[in-house]
2 protein chains.
Amino acid sequence: MGDPTLSPSSTPPAAPGHLHEHVITSLRDMVLRGELVAGRKVPEAMLCARLGISRTPLREALKVLAAEGFVALRPNRGTVVVPIDPEGLAQLFEVKGALERLIGLCLPDRIDVDALARIEALHGEARAAMEAGDMHSYTRGNHAFHEALAAGTRNDALMQTYSGLQQKILRARYAVNAQPERLRRSMADHERIMAMLRAGAALDLARCLEEHSRHTGQAMLRQLRRQETAKE
Amino acid sequence: MGDPTLSPSSTPPAAPGHLHEHVITSLRDMVLRGELVAGRKVPEAMLCARLGISRTPLREALKVLAAEGFVALRPNRGTVVVPIDPEGLAQLFEVKGALERLIGLCLPDRIDVDALARIEALHGEARAAMEAGDMHSYTRGNHAFHEALAAGTRNDALMQTYSGLQQKILRARYAVNAQPERLRRSMADHERIMAMLRAGAALDLARCLEEHSRHTGQAMLRQLRRQETAKE
DNA sequence: CGAGGATAAAATGAATTCAGAAAATGTTCA
DNA sequence: TGAACATTTTCTGAATTCATTTTATCCTCG
């Protein structure tokens, strides 16, 4: 199969300044969305052209991605996009479960009305997306919903750690085709989560969140394994 | 006040090749050990001389450290070492507690004899260091002990996440003067942890580890706050 | 004597350049 | 014909260089 056909001239020369964050974000998005194919070498020259930068800032960004675990730098042999393996995904969910529990335990004590309102709003959006059958929109809404829950704890370390895991998981989410049945079950979990949150029941909320994470993880794993075996 | 007086000529010109990891590790160590003072600008030129490299690889490493949260890159205004604030430290311990619990829950099921032997050995070393009153050695031993527990779960994501938190906490640990009384209590916790681990009591082990983390965190916070107020 | 502003110095961000290593290509010889 | 070696080409890692921005210094003017 051929290259992903990235058009080299999609961005104008780009104004000088500090484009760090932008370059990192762009690259990470490309990895997450599967535009940079797992297992393949990162096309340095093309990305430079694509982003309108030289190799220096690109390599700086690749170093950061490597530290985050999205790519691997093999000395003198180029950079490769690390593949998603089911074992690693299961491990990510295991850690995420522990954090979800912590979120549930902290949230009722610390959440304020604004945060609760935002969570309610995001929950509504996700439900609307599900009812409309808009998978892509649901994925984004679901992600935002859980991030908002984490944010409600007012713990930056927790948020950052949680987001890091979510991003890695998001990569797999893009790679697997979500099942409509799964969406409905996920939404049912969300309804229960909201009920516990409104009731301020920390322990129950913690259990719900942990369980929800486990369910999601198991479903994704099954689907990923199914797709992998189907490819052979 | 003057510079930390870092001798520019401590390393020879350095052979060419891939020194990435080494540069990152060196810089991180300097931050952790307080050699690069919190709040102050990172002396780029001096570090280049010190490490025998040019600005390009140094800046790549600084980007990684920035992503890890040890330094902050202010656009066009230089890089600064981020200060340790008690609030952030408390948050780190909160997250660590959740991971400790997970470690405790998983460990009895997954640990093998080799890992258990290594943990026992590290536990012995830490105790010896405590009895000898060697603070520095105890700190290292304690760190290695907990890392080994995490490693015993055979979950890479958990290990990486845990190590990341531990490193940030380690920075504060270097900054506060440990109290001998604290050391003894810590060691008592470790004895209980080992007992639970040998007994294979997952839930109890989880509780012990979580509690131990909370105690350690509270003690460090008190000490940090005490030192901060003493400085004024 | 002090505030405001112009000029000089420095430091930052990024492109370019250069040396060394790996892969690809071509050639020779069994 | 095909395997082993030599050569060329490409690519990687890092130093150097360059433009821009910021900071410091100094001069003028109130």
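Small disclaimer: the values here were computed from a predicted structure and weren't measured. Residue numbers start from 1 in every chain, and the chains themselves are labelled A, B, ... in the order their sequence lines are given, proteins ahead of strands.
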> So, does B:Gln91 use its side chain to make a donor-acceptor pair with the main chain of A:Arg154 at under 3.5 Å?
Replying inline: yes
>> Please evaluate residues B:Glu94 and A:Arg110 with respect to the criterion salt bridge (charged side-chain N to carboxylate O under 4.0 Å, His left out), reporting the C-alpha separation (whole Å), side-chain torsions for both, the decisive distance (0.1 Å), and the verdict.
In response: CA-CA 14 Å; B:Glu94 194 164 70; A:Arg110 302 188 196 164; 2.5 Å; yes
> Among D:dA15, C:dG13, C:dT12, which is the nearest nucleotide to the side chain of B:Lys41?
Replying inline: C:dT12
> Once you round it to whole Å, what is the distance between C1' of C:dT12 and CZ of B:Arg59?
Replying inline: 7 Å
> Okay, side chain of A:Ser186, backbone of A:Arg182: is any donor-acceptor separation there less than 3.5 Å?
Replying inline: no
>> For B:Ala175, is there any backbone N or O sitting under 3.5 Å from a side-chain donor or acceptor partner on B:Gln227?
In response: yes
> From the list D:dT21, D:dG13, D:dA14, which nucleotide is the closest neighbour of the side chain of B:Asn76?
Replying inline: D:dT21
>> Just the rounded figure in Å: distance from P of D:dA14 to CD of B:Glu21.
In response: 12 Å
> Rounding to a whole Å, what distance do you find between B:Leu47:CG and D:dA15:P?
Replying inline: 14 Å
> Rounded to whole angstrom units, what separation is found between the CD atom of A:Glu44 and the P atom of D:dG13?
Replying inline: 7 Å
> When you match A:Arg74 and B:Arg77 each to their closest nucleotide on DNA chain D, which lands nearer the 5' end?
Replying inline: A:Arg74
>> Applying side-chain contact (heavy atoms from CB on, under 4.5 Å), can you list everything that pairs with A:Lys96, at least two apart in sequence or on another chain?
In response: A:Phe93, A:Glu100, A:Tyr162, A:Leu165, A:Gln166, A:Ile169, A:Ser213
> Over how many whole Å does the gap from B:Leu62 atom CG to C:dA14 atom P extend?
Replying inline: 14 Å
> Which of parallel (below 30°), tilted (30 to 60°) and perpendicular (above 60°) describes A:His212 and A:His146?
Replying inline: parallel
>> Rounded to whole Å, how long is the line connecting atom CG of B:Leu51 with atom P of D:dA14?
In response: 12 Å
>> Restricting to side-chain hydrogen bond (donor to acceptor under 3.5 Å, both in side chains), what partner residues turn up for B:Thr139, sequence neighbours left out?
In response: none
> Whole Å only: how far is the CE atom of A:Met46 from the P atom of D:dT10?
Replying inline: 16 Å
Dump the pairs, protein N or O against N or O of nucleotides 16-18 of chain D, anything under 3.5 Å, distances to one decimal.
unit_1: D:dT16; atom_1: O4; unit_2: B:Thr56; atom_2: OG1; d: 3.2

> Tell me: CG of B:Leu58 to C1' of D:dG13, nearest whole Å?
Replying inline: 15 Å
